[in-house]
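Just so it is clear, the values below take in all heavy atoms, side chains as well, and ignore hydrogens, waters and symmetry mates.
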Amino acid sequence: MEKLRLGGVNPKIGIRPIIDGRRGGIRESLEEMTMNMAKRVAELYSSTLHYSNGKVVECVIADTTIGGVAEAARTDEKFRKSGVGVILSVTPCWCYGFETINMDGDMPRAIWGFNGTERPGAVYLACTLAAHTQKGLPTFGIYGRDVQDVDSKEIPEDVREKLLRFARAGIAVAEMRGKSYLSIGSVSMGIGGSIPNPDFFQEYLGMRNEYVDASEIERRIQLGIYDKQEYERAMSWIEKHCKSNEGDDHNPKHLVYSREEKDKVWEYVAKMTIIFRDLMIGNPKLAEMGFEEEAMGHYAIAGGFQGQRQWTDFRPDGDFSEAILNTSFDWNGIREAFTFATENDTLNGVSMLFNHLLTNRAQIFADVRTYWSPEAFKRVTGSKPEGQAANGFIHLINSGSCTLDGTGRQSENGKPVMKPFWEISEKEAEECLKATTWYPSNREYMRGGGYSSQFQTRGGMPLTMCRVNLVKGQGPVLQIAEGWSVELSGKAFDIINKRTDSIWPSTFFAPRLTGTGYFRDVYTVMNNWGANHGAISYGHIGADLITLASMLRIPVCMHNVPEEQIFRPSAWTAFGADPEGSDYRACKNYGPLYK
Ligand SMILES: C[C@H](O)[C@@H](O)[C@@H](O)C(=O)CO
Ligand SMILES: [Mn+2]
């Protein structure tokens, strides 16, 4: 079955080979080398990068080298027609500065100046970066550390790292533009992030907010506005992979549903899952059934469900649906994970979206619930935390939106990982399902019942937790913490798990400490986290997040990324020598990308 996914055209990377326009010898001598630089980068991108839907990143190269404004303008035209969303200029030589630049200020842009001394490529780079800065067009500058021979075909490692970092972040920026965040239901339990801020989405991300009342779920279920064949497929998959892993009912006697009621809950949450997805991206099957408008969906690249309260005081919760949507597989097979926030925490949903678009992997949504000091851990469990947990750790746990990829049951070279969906095997998907117990939801919280996923994330995975926070008067800021998952032994896990909501999915996180500032110890990381939620990705992706944030003009208020990995537009240097202060001043100076 064709996997349902958000439509639309993936943004391409436009590559502009810039040349010294002086004919009669200079230009002719440089044509081949200059165009070949562009072709080499295009080859690097298309052989290395994918869009989150699994397709290979596409590049568009200018028809000619660009030696002046006419060729620059013709290239702009070509790029506009080709759906270019990110721009990279490359050159080995001197060229005519801003006569050759692209002026579309809201597109991520970079210039690679070849470090070879036969021609002044670095001089063009510096000149044109200066011109961009004067014109209010912040641009990333890429200049290799070591001189290369003029006939070198190599892209040095430091140049490669910056070219890829720029492209991953640029593609993420371009993918968000024009898409929606869909809120199903309203604000959840007074959670600030659950209040959609349309100006933030519009001006910083180029996105729109869509809203659907939760009653639409009931309408579609009662009127049968969902694909019945898919529902049947879903139910047999659930029977095989989920109900077979149903946990004990931890509810007090008077709240334990009968088997018949529980089966009805499974049927209901299966329909909810299909309906959430259809609301986000549409479903052509609905048009065949006569529901053309419902078939369109809301063009949502991310979404969230209010869930608690009201709805969950009456109907089954969204825990199952949120978990499955955030997972890289379902009854239709292995597919791209959706980005779906429980409690409709739009800011954590955006944080998950940043992570997903940068890594093409499913994301963990969690409460930042408990700091466990080594002393408290010893007092409570009788054992000392070891390894990466030795300095204490943070318990990340939320009912609902934690992807089953977060079990850590996919593996690479024998180590637990969370893979891009196209690398996941059927066996690994089954392992993730086997590691997940589905407990009847806590009906003191979720009166309508539901099924909550439960597992402990495997230890030893590099993780990055981030969160976009909104600050009145300042605007959005981003927090980043790189670290690792740590796994508690059976006994310690049981003791700690029983003290919390033991039927929810747990990830234990040890941030990498630097010994100073917010990362002087684990407690300080949690004590300075700006909200109740975090978005957790596989991998140490903090540097990519910092580059992405600078493209969006969102300052980073907390991170533990080594300074040498920080890659921001060259203009940031003009705002001061301290990386954090200059970031704030630059973001304030430029303001939101789409304002
Ligand atoms: C206790 C509430 O029902 C939970 O949903 C709570 O732990 C939260 O997730 C709040 O973010
Ligand atoms: Mn929560």
Side-chain angles (χ1 to χ4, degrees), residues 1 3-5 182 184-185 212 214-247 249 257-283 285-286 289 291 294-295 297 303-307 311-312 314-335 337-338 340 342 362 399-404 429-430 432-434 436-441 443 446-454 503 505:
M1 172 197 175
K3 302 287 184 313
L4 285 167
R5 59 165 63 108
L182 173 65
I184 303 172
V212 167
S215 61
E216 176 66 3
I217 305 163
E218 199 51 35
R219 181 180 82 92
R220 293 197 181 197
I221 288 177
Q222 290 197 17
L223 300 185
I225 305 174
Y226 57 88
D227 178 350
K228 307 295 184 308
Q229 287 79 10
E230 182 183 7
Y231 168 68
E232 292 309 323
R233 242 189 350 270
M235 284 315 297
S236 53
W237 185 85
I238 286 170
E239 287 292 338
K240 183 173 175 210
H241 295 293
C242 304
K243 284 176 80 168
S244 54
N245 272 6
E246 191 173 307
D249 197 321
Y257 271 154
S258 67
R259 185 67 252 165
E260 190 192 350
E261 286 169 318
K262 284 178 178 171
D263 291 339
K264 288 228 171 307
V265 167
W266 275 117
E267 291 168 6
Y268 198 96
V269 296
K271 292 169 189 170
M272 276 174 79
T273 311
I274 293 170
I275 289 166
F276 282 8
R277 183 210 56 211
D278 288 351
L279 283 167
M280 284 183 77
I281 64 169
N283 185 343
K285 275 281 172 54
L286 301 183
M289 296 163 63
F291 300 103
E294 290 85 348
F305 177 49
Q306 170 191 348
W311 176 272
T312 47
F314 173 56
R315 287 287 188 229
D317 64 32
D319 284 5
F320 175 81
S321 306
E322 294 157 4
I324 293 297
L325 287 174
N326 279 308
T327 293
S328 302
F329 49 83
D330 62 18
W331 39 83
N332 295 318
I334 292 168
R335 51 120 175 94
F338 291 86
F340 203 82
T342 195
S399 77
S401 284
C402 183
T403 173
L404 272 56
E430 277 179 32
C432 293
L433 285 159
K434 275 193 206 135
T436 303
T437 305
W438 296 95
Y439 284 93
S441 293
R443 289 194 59 215
M446 318 287 203
R447 298 173 188 162
Y451 278 92
S452 301
S453 56
Q454 191 273 346
I503 63 170

**Student:** Answer whether the closest heavy-atom distance between the side chains of Lys271 and Arg220 falls below 4.5 Å.
**Tutor:** no
**Student:** Look at Asp263 together with Lys243 and state whether they make a salt bridge at an N to O cut-off of under 4.0 Å.
**Tutor:** yes
**Student:** If only side-chain N and O atoms count, and only distance matters, is there a donor-acceptor pair under 3.5 Å linking Glu261 with Ser258?
**Tutor:** yes
**Student:** Between Glu218 and Arg315 (salt bridge meaning N to carboxylate O under 4.0 Å), is one present in this structure?
**Tutor:** yes
**Student:** Please give me the minimum heavy-atom distance between Asp330 and Ile324, naming the atom from each residue.
**Tutor:** CB-CG2, 3.8 Å
**Student:** Is a side-chain N or O of Asn283 found less than 3.5 angstrom from the main chain of Tyr226, in a donor-acceptor match?
**Tutor:** no
**Student:** Could you give me the CA-CA distance, side-chain angles and deciding distance for Ser452 and Met446, then say whether side chain to side chain contact (heavy atoms under 4.5 Å, CB included) is met?
**Tutor:** CA-CA 10 Å; Ser452 301; Met446 318 287 203; 5.8 Å; no
**Student:** Are the side chains of Tyr451 and Lys262 in touch, meaning some heavy atoms are under 4.5 Å apart?
**Tutor:** yes
**Student:** With the side chain counted from C-beta on, respond yes when Ser441 and Asp319 share a heavy-atom pair under 4.5 Å apart, and no when they do not.
**Tutor:** yes
**Student:** State, to 0.1 Å, how close Met272 and Ser321 come at their nearest heavy-atom pair, and which atoms those are.
**Tutor:** CB-OG, 3.5 Å
**Student:** Apply side chain to side chain contact (heavy atoms under 4.5 Å, CB included) to Ser453 and Trp438, showing your working.
**Tutor:** CA-CA 5 Å; Ser453 56; Trp438 296 95; 3.6 Å; yes
**Student:** Determine, for Phe338 and Arg277, whether the Lys NZ or Arg CZ falls below 6.0 Å from the six-membered ring centre while staying within 45 degrees of the axis.
**Tutor:** no
**Student:** Taking ring-ring contact (aromatic ring centres under 6.0 Å, His included) as the definition, give me every residue that meets it alongside Trp237, ordered by chain and number, with sequence neighbours left out.
**Tutor:** His241, Trp331
**Student:** Which distance, rounded to the nearest 0.5 Å, do you find between the SG of Cys432 and the CG of Leu404?
**Tutor:** 6.5 Å
**Student:** Measuring from Lys285:NZ to Asp278:CG, what's the distance to the nearest 0.5 Å?
**Tutor:** 10.5 Å
**Student:** Side chain to side chain contact (heavy atoms under 4.5 Å, CB included) with Glu267: which residues, sequence neighbours excluded?
**Tutor:** Tyr231, Met235, Lys264
**Student:** Mind checking the CD-CD1 spacing from Glu216 to Ile225? Nearest 0.5 Å is all I need.
**Tutor:** 6.5 Å
**Student:** What's the separation between atom CD1 in Ile275 and atom CG in Leu286, rounded to the nearest 0.5 Å?
**Tutor:** 9.0 Å
**Student:** Could you tell me the separation between the CZ atom of Phe320 and the CG atom of Leu325, rounded to the nearest 0.5 Å?
**Tutor:** 9.0 Å
**Student:** Under the side chain to side chain contact (heavy atoms under 4.5 Å, CB included) criterion, do Glu230 and Asn332 qualify, and how do the steps go?
**Tutor:** CA-CA 8 Å; Glu230 182 183 7; Asn332 295 318; 2.8 Å; yes
**Student:** Give the C-alpha distance, both sets of side-chain angles, the deciding distance and a yes or no for side chain to side chain contact (heavy atoms under 4.5 Å, CB included) between Phe305 and Ile217.
**Tutor:** CA-CA 11 Å; Phe305 177 49; Ile217 305 163; 3.6 Å; yes
**Student:** Checking the side chain of Arg335 only, and the main-chain atoms of Thr327 only, is there a donor and an acceptor separated by less than 3.5 Å?
**Tutor:** yes
**Student:** Salt bridge check: are Lys240 and Glu430 linked by an N-O gap of less than 4.0 Å?
**Tutor:** no
**Student:** To the nearest 0.5 Å, what is the distance between OH on Tyr257 and CG on Asp249?
**Tutor:** 10.5 Å
**Student:** Between Phe340 and Phe276, what is the ring plane arrangement, given parallel below 30°, perpendicular above 60°, and tilted in between?
**Tutor:** parallel
**Student:** Please report the shortest heavy-atom distance between Glu322 and Ser401, naming the atom on each side.
**Tutor:** CB-OG, 3.4 Å
